[in-house]
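Computed from a predicted model, the values in this text were never measured in an experiment.
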Amino acid sequence: MTAFAPNPLSILIDLPVRYDLAESACPPLHLGDLADAATLATVPLGYGTSRGDPDLRALIAADSGVDPEQVLVTVGAIEAMYLLAQATCSPGDRVLLTTPCFPPARTVPEGLGAKVDVVPLSFDDGYRLPVERIAARLDPRTRLVSLASPQNPSGVRFTEQELRALLATVRVHAPDAVVLVDETFRESTYGHAVPPRSAAPLSPRLVTCSSVSKAHGAPGLRVGWLTTTDTTLYGHLREAKFQTTIACSTVDEFLAAQVLRQRTATLTRRADRLRDALDELLHWAEDQPVEIVPPDGGAICCLRLPTDRFPDDAVRTFYARLAERDTRVAPGSWFGEHDRVFRLGFGYLPADDFTEALERLADALTTVG
């Protein structure tokens, strides 16, 4: 029986708080932003295809630098991660991942019976990619190497040079492995910064996944995708999708295509908002007893409670004090880090609420540190 470890992130959707700094998304779009009632009335409620709507795949492909036939639409990026783990890993195979990470990157392969090898990234090193340490942990039995760029929870982006070095290392030490790059936050930028190119065309041994949930603000559509330029692997993944979900919702795919057609306007507005919020956060952090790794993309970053100010018992007290103030951050242990590190989301709350949330966070820090 496949058994998955409990995922603490479920409280983000099941147990809301007033000032939620743990949330990694931006404010959601509304249905009226995408289509009127007359347009929706024309959308058929029949089955879609196992590959996904052709127009939607063409929009994804154009932005990713691949062909539409190399895009598979999935039920969120989480299904893409699951399908890839299922297609590449058998019980006893090995998976290498970097931490801190999105929890299902670990729990899904573990639930499928794979042995997970972890390479921790360092807060002090800015969560850069340690290719030499990864090489030391790779094994001929490694079937999947999993990472995200920008990372969740840190928002740190790997450069194309780093990814090419990783691919070369995997090719030598784990020639049967596939590299997954989760690009869910790739299009989420700050100010006038242009989203970086997708890693999708870099290698047939590389798979990317993403969705309309985070950067675009449409998590309720449950539409994601994966890309691969390996025809054989694509066939396995498409078949695995058909055997599980058959096809995605045609309504969701139609609306996701609408989201991507207006991506430029949506992302521009959000980039301006994120720039302002990040500037406020960085300025706030200068006067607080915390350390921060500035993010490269996404509405998230990592902060740390210094050991000289916060012994372990004070770290626990900090979270309790924050809860008393109806405020939440995401503890590092959710992602494979120490709890003195926490993820803070700066794109979800309205501007006034975000300022208030930072004041409550400062108050909790003052009463503990």
Side-chain angles (χ1 to χ4, degrees), residues 7 9-10 12-14 16 20 23-64 68 71-84 102 104 148 152 182-188 195 198 200 208-227 237-238 241-242 244-271 273-274 297-300 345 347-348:
N7 189 332
L9 265 70
S10 64
L12 294 180
I13 61 173
D14 294 334
D20 198 349
E23 179 56 65
S24 61
C26 289
L29 296 171
H30 294 85
L31 190 57
D33 298 327
L34 305 176
D36 57 27
T39 300
L40 286 175
T42 66
V43 179
L45 298 181
Y47 279 113
T49 69
S50 60
R51 293 176 179 268
D53 176 76
D55 289 343
L56 176 58
R57 287 190 290 113
L59 288 163
I60 296 166
D63 182 67
S64 301
V71 174
L72 183 69
V73 180
T74 58
V75 183
I78 185 66
E79 188 190 23
M81 298 173 68
Y82 182 88
L83 293 176
L84 184 62
F102 182 52
N152 182 4
D182 179 353
E183 296 186 327
T184 298
F185 293 97
R186 177 179 64 86
E187 293 186 85
S188 188
S198 171
T208 70
C209 67
S210 191
S211 75
V212 296
S213 296
K214 302 298 185 181
H216 302 89
L221 294 182
R222 306 311 308 139
V223 170
W225 57 86
L226 61 80
T227 72
L237 294 167
R238 187 207 62 78
K241 177 192 172 183
F242 181 79
T244 51
T245 52
I246 300 178
C248 295
S249 159
T250 52
V251 176
D252 283 3
E253 289 188 335
F254 170 81
L255 292 171
Q258 297 292 91
V259 170
L260 296 185
R261 289 188 181 100
Q262 61 186 46
R263 69 183 349 139
T264 299
T266 299
L267 294 174
T268 298
R269 291 194 302 271
R270 290 168 187 261
R273 177 192 178 115
L274 289 179
I300 50 176
Y348 182 69

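- A200 pairs by the side-chain contact (heavy atoms from CB on, under 4.5 Å) definition with S64, V66, S198, T208, T227, not counting sequence neighbours.
- In this structure, CG in L72 is found 8.5 Å from CZ in R57, a value given to the nearest 0.5 Å.
- Put simply, CD1 on I300 and CG on N152 are 4.0 Å apart, with the number rounded to the nearest 0.5 Å.
- With a 4.5 Å cut-off on side-chain heavy atoms, C26 and L274 count as touching.
- Closest non-hydrogen pair, P104 versus I78, comes out as CB-CD1, 3.4 Å.
- Across all their heavy atoms, P68 and A61 have their closest contact at N-CB, 3.5 Å.
- The structure places OG of S188 at 7.5 Å from CG of L267, a figure rounded to the nearest 0.5 Å.
- When all heavy atoms of R222 and S213 are compared, the pair lying nearest together is NH1-OG, 3.5 Å.
- Within a 6.0 Å radius of OH in Y348, no more than 12 heavy atoms belonging to other residues, nucleotides or ligands are found.
- Contact record, A299 with A25: CB-O, 4.5 Å, taken as the closest heavy-atom pair.
- In summary, the side chains of T74 and K241 do not present any donor paired with an acceptor at a separation below 3.5 Å, with no hydrogens or angles considered.
- The side chain to side chain donor-acceptor pair (under 3.5 Å) analysis of residues 40-50, with sequence neighbours excluded, yields the pairs S50-R238.
- The side-chain contact (heavy atoms from CB on, under 4.5 Å) check on P28 picks up nothing, with sequence neighbours excluded.
- When side chains are defined from C-beta on, V251 counts as touching L255, because their heavy atoms get closer than 4.5 Å.
- Applying the salt bridge (charged side-chain N to carboxylate O under 4.0 Å, His left out) criterion to D63, with sequence neighbours excluded, gives R186, R263.
- Looking only at side-chain heavy atoms (C-beta outward), V223 and F254 stay at 4.5 Å or farther from each other.
- Separation of atoms OG1 (T266) and CD (E187) is listed at 10.5 Å; rounding is to 0.5 Å.
- A77 approaches S211 most closely through the heavy-atom pair N-CB, 3.9 Å.
- To the nearest 0.5 Å, the span separating CD on E23 from CG on L12 amounts to 5.5 Å.
- Side chains of P27 and R270 form a contact here, defined as non-hydrogen atoms less than 4.5 Å apart.
- Sorted by first and then second residue, the side chain to side chain donor-acceptor pair (under 3.5 Å) pairs involving residues 244-256 (not counting sequence neighbours) are E79-T245.
- With rounding to the nearest 0.5 angstrom, the CG atom of L31 is 8.5 Å from the CG atom of L221.
- For R261, the side-chain contact (heavy atoms from CB on, under 4.5 Å) partners are D55, L59, A257, Q258, not counting sequence neighbours.
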